[in-house]
Amino acid sequence: SMLTNLLLGLVSLLLICIFRRRMTYFFDPRRADHIRNPGYIKGSTYLERPPRQSESFLGWIWQTLNVPETIVLRSCGPDAVFALRFMLRMGLYLTIYAIFAFIVLIPIHYCASKNNTNIGFHALSILTIDDGDPVMWCHLIFVYVFTAVLFKLLHFTWLEVLDLKARWLSNEQLLGHKLTVFVSNL
């Protein structure tokens, strides 16, 4: 299963690398607007065009990962910034969660498995802990702490979204091109 997913991911990356230069109307749509829309007037878009990508086979990956948020905002709009921020924060949250799980929970399960007959992956799971064992409180505390941290992180992200959306919608340069309705204080 893991090997299959790795193989599919590598094949997908290879296909993107091969076709991204040949199919600009798909991989670089705002630079190819004149192909799809014959009435397109150069410069009539309200968003800036993104910077030119590297022409090398894999060079575009590093360049894409290092695009500043201000360029993403100017070329793709606030929704792209929100999506990228959310994915970055959730990746950070899951990384921190995994580190704490490896530091605290895995050793607890491993010590409990010495008294149990579970083998393989089950030796490191919650199955090794007996009913009524005080160690179960550790799992309950983890659930509450990480749920509270997640709620705080989501609340902080939502406040950033509201602030950025309000600044984006109040930008005078976008008058006549606004595609979003901002509703607050519901």
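- For Phe142, the CZ atom counts as densely surrounded, since its 6.0 Å shell holds more than 12 non-hydrogen atoms of other residues, nucleotides or ligands.
- One finds the CG atom of Asn66 at 12.0 Å from the CD1 atom of Ile61 (value rounded to the nearest 0.5 Å).
- Taking both residues in full, the closest heavy atoms of Cys138 and Ile108 are given as SG-CD1, 3.6 Å, listed atom of the first, atom of the second, then distance.
- For the atom pair CZ of Phe82 and CG of Leu73, the computed distance is 8.0 Å after rounding to the nearest 0.5 Å.
- Distance CG/Leu159 to CG/Leu164: 12.5 Å, rounded to 0.5 Å.
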Side chains of residues 6-18: which donor-acceptor partners sit under 3.5 Å, not counting sequence neighbours?
from, atom 1, to, atom 2, distance (Å)
Ser12, OG, Leu8, O, 2.9

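- Residues Phe86 and Phe156 do not share a hydrophobic cluster, clusters being chains of Ile/Leu/Val/Met/Phe/Trp/Tyr side chains in contact below 4.5 Å.
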Which side-chain N or O atoms in residues 87-106 pair as donor and acceptor under 3.5 Å with protein atoms at least two apart or in another chain?
from, atom 1, to, atom 2, distance (Å)
Arg89, NH1, Thr157, OG1, 3.1
Arg89, NH1, Glu160, OE1, 2.8
Arg89, NH2, Glu160, OE1, 2.9
Arg89, NH2, Glu160, OE2, 3.3
Tyr93, OH, Phe146, O, 2.9
Thr95, OG1, Gly91, O, 2.7

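- Evaluation of the side chain to side chain donor-acceptor pair (under 3.5 Å) test over residues 136-154, restricted to residues two or more places apart or in two chains, returns His109-His139.
- Under the side chain to side chain contact (heavy atoms under 4.5 Å, CB included) criterion, Pro134 pairs with no residue at all, not counting sequence neighbours.
- Scanning for side chain to side chain donor-acceptor pair (under 3.5 Å) contacts around Asp163 gives Arg167, with sequence neighbours left out.
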Candidate pair Asp79 and Lys165, rule side chain to side chain contact (heavy atoms under 4.5 Å, CB included), full reasoning | CA-CA 9 Å; Asp79 292 335; Lys165 187 70 93 169; 3.1 Å; yes
